[in-house]
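Below is one structure; the comments refer to it alone.
Whatever order the structure lists ligands and atoms in, that order sets their numbers, starting from 1.
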Amino acid sequence: MPTKESSLSFDASILQHRFNIPPQFIWPDEEKPCPEPPPILDVPPIDLSAFLSKDPNCVANATKLVDKACRKHGFFLVVNHGIDMKLIEEAHMGMELFFKKPIEEKEKALRRPGEHCGYASSFTSRFSEKLPWKETLSFRYSAEEQLSNIVQSYFLDKLGEDNVGFGRVCQEYCEAMSRLSLNVMELLGMSLGVGSSYYRKFFEGNDSIMRLNYYPPCQKPDLVLGTGPHCDPTSLTILHQDDVGGLEVYVDEKWHSITPDPQAFVVNVGDTFMALSNGIYKGCLHRAVVNNKTPRKSLAFFLCPKSDKIVKPPKELVCDENSRTYPDFTWPTLLEFTQKHYRSDMKTFEAFVSWLGNK
Ligand SMILES: C=C1C[C@]23C[C@H]1CC[C@H]2[C@]1(C)CCC[C@@](C)(C(=O)O)[C@H]1[C@@H]3C(=O)O
Ligand SMILES: O=C(O)CCC(=O)C(=O)O
Ligand SMILES: [Fe+2]
């Protein structure tokens, strides 16, 4: 994990107008964006309220669609989710205002080496090549009662009074995402045949990560990537993208785009849930491309278990035909691996398992 300090700071307000892209941002030919717009992935929207109504036909339909999607690529859309559109719009507006602030103000929350929270501008001090064309702000959310104001306190402490209003919006947004995640965990539990409460209980006290992604325009969008190809090492990602487009998923040996739908959340399985399902459901490969005209924003809620939870599949999913696929681990160990030892990509979990074995 290269951590040498780089003199280059990704001041989006400057870089987005440059035609000569610094080489650190240029990806190798085999990883560059597709020369032509990729095909659209046909992802069936899952009606979450219908599933939660417990109507047998709705439950059967939702679990069938989720099971097929998660065995194949780990992505699905959730609609009729019950999250207030006003809250989503407030989060996007707050993000727009935050990332337009002067870099000196954003860097009050600068991510420190080895930590996952904070503001980062394309990780210039973290990686020395294939830099992502994005700014991010990441912070911790906990569903535990005694940490019920952790998000707003983070904004006040790191970014000051001016940002406390946005901190309140992010606090409410994370609470809504936590509720939504637990409902999706009921759906995944039913789809895997272990019942609606198994995974819901596992994530009740979740200790998750919220990430705001801001992708400035780039004058040479075919040379760079907003976010490089990867599987999320976390358990479940609930992502809301704006209407610009740029999220791509690797399915059937080729990249596909996910059409933006403001009424929908994109949900994807991460490596940790892959382990919780004993490899039955797959974490899937995805990335984000940028364009030369419009900034793109996405809100990514990464559901993670409490630090003391042992990640292992329920016994119902372990049998002679499907023996244990991965060793027991805790999420903080995998998180530390991604922050201090390995840059997450499409092979993170494989690298983590061998690193664990050699510890
Ligand atoms: C635990 C995490 C590490 C990353 C943020 C969350 C889940 C996704 C990971 C990430 C986005 C995968 C691509 C590489 C990465 C470095 C990035 O582009 O931001 C990853 C995040 C991280 O390590 O900060
Ligand atoms: O911005 C997007 O659409 C994808 C971002 C992503 O994959 C991530 O932050 O893990
Ligand atoms: Fe991701």
Side-chain angles (χ1 to χ4, degrees), residues 1-3 10 25 27 31 41 74-75 77 92 95 99 111-141 207-216 224-250 255-261 264-273 283-291 295-305 331-349 351-352:
M1 176 68 81
T3 53
F10 177 80
F25 290 96
W27 287 67
E31 293 186 274
L41 186 70
F75 256 81
L77 294 179
H92 276 283
M95 211 163 41
F99 285 106
R111 175 189 176 279
R112 287 200 288 261
E115 295 193 1
H116 66 282
C117 290
Y119 168 79
S121 60
S122 90
F123 299 126
T124 47
S125 60
R126 183 175 173 195
F127 308 129
S128 52
E129 56 161 19
K130 302 200 294 188
L131 297 183
W133 194 269
K134 67 179 174 184
E135 294 176 79
T136 56
L137 177 67
S138 308
F139 43 91
R140 182 184 170 202
Y141 166 78
D207 194 337
S208 298
I209 301 168
M210 182 72 211
R211 168 165 283 192
L212 311 177
N213 290 307
Y214 188 80
Y215 302 98
V224 305
L225 285 175
T227 294
H230 68 281
C231 297
D232 294 337
T234 44
S235 292
L236 190 79
T237 306
I238 310 260
L239 184 127
H240 192 273
Q241 54 172 335
D242 66 12
D243 57 359
V244 174
L247 172 59
E248 296 184 352
V249 181
Y250 196 73
W255 288 104
H256 292 72
S257 63
I258 302 268
T259 306
D261 173 357
F265 284 98
V266 179
V267 183
N268 64 271
V269 165
D271 291 332
T272 300
F273 193 83
C284 89
L285 188 47
H286 57 288
R287 70 182 186 183
V289 299
V290 295
N291 67 78
R296 176 173 177 265
K297 302 188 299 307
S298 68
L299 296 141
F301 179 83
F302 298 109
L303 182 72
C304 308
W331 163 242
T333 310
L334 176 50
L335 178 59
E336 183 187 354
F337 179 68
T338 68
Q339 300 305 300
K340 294 182 178 165
H341 307 290
Y342 189 91
R343 174 178 182 174
S344 297
D345 57 16
M346 68 288 280
K347 297 196 171 63
T348 311
F349 202 64
F352 172 65

Check your understanding: Quick one: does ligand 1 sit under 4.0 Å from the side chain of R211, the backbone, both or neither, non-hydrogen atoms only?
Key -> side chain
Review point. How does R343 reach ligand 1, if at all, at less than 4.0 Å between non-hydrogen atoms: by side chain, backbone, both, or neither?
Key: neither
Practice item. Flag H286 as yes if one of its N/O/S atoms falls below 2.8 Å of the Fe ion (ligand 3), otherwise no. Key: yes
Practice item. May I ask you to check whether W133 and Y215 place their ring centres under 6.0 Å from each other? Key: no
Point to revise | Ring centre gap for H286 and Y250 strictly below 6.0 Å | key: no
Exercise for review: Name the orientation class of the two ring planes belonging to F265 and H240 (parallel below 30°, tilted from 30 to 60°, perpendicular beyond 60°).
Suggested key: perpendicular
Exercise for review: Kindly indicate whether atom 15 (C) of ligand 1 is approached by any protein heavy atom to under 4.0 angstrom.
Suggested key: no
**Study point:** Geometric N/O contact K134 with ligand 2, under 3.5 angstrom
**Key:** no
Under 4.0 Å from a heavy atom of [X]: which atoms of ligand 1 are those, numbered in the order shown and with their elements?
X	result
D232	8 (C)
S344	12 (C), 13 (C), 14 (C)
K134	17 (C), 18 (O), 19 (O)

With heavy atoms of [X] as the reference, note each atom of ligand 2 found under 4.0 Å away.
X	value
F302	8 (C), 9 (O), 10 (O)
H230	6 (C), 7 (O), 8 (C), 10 (O)
S298	1 (O), 2 (C)
H286	7 (O)

Identify the protein heavy atom lying closest to [atom], giving its residue, its atom name and the separation to 0.1 Å.
atom	value
atom 9 (O) of ligand 2	N213 ND2, 3.2 Å
atom 3 (O) of ligand 2	R296 NH2, 2.7 Å
atom 5 (C) of ligand 2	Y215 OH, 3.4 Å

Exercise for review: Kindly identify the option in D242, V244, T227, L239 whose heavy atom sits closest to atom 4 (C) of ligand 2.
Suggested key: L239
Review point. Can you find a side-chain donor-acceptor pair between N213 and T136 that sits under 3.5 Å?
Key: no
Review point. With distance as the sole criterion, is a donor-acceptor pair present between the side chains of K134 and S122 under 3.5 Å?
Key: no
Practice item. Could you check which N/O/S atom of D232 is closest to the Fe ion (ligand 3)? Key: OD1
**Study point:** Atom of H230 closest to the Fe ion (ligand 3), considering N, O or S atoms
**Key:** NE2
Check your understanding: Can you name the one residue among L247, V267, I258 that meets side chain to side chain contact (heavy atoms under 4.5 Å, CB included) with L239?
Key -> L247
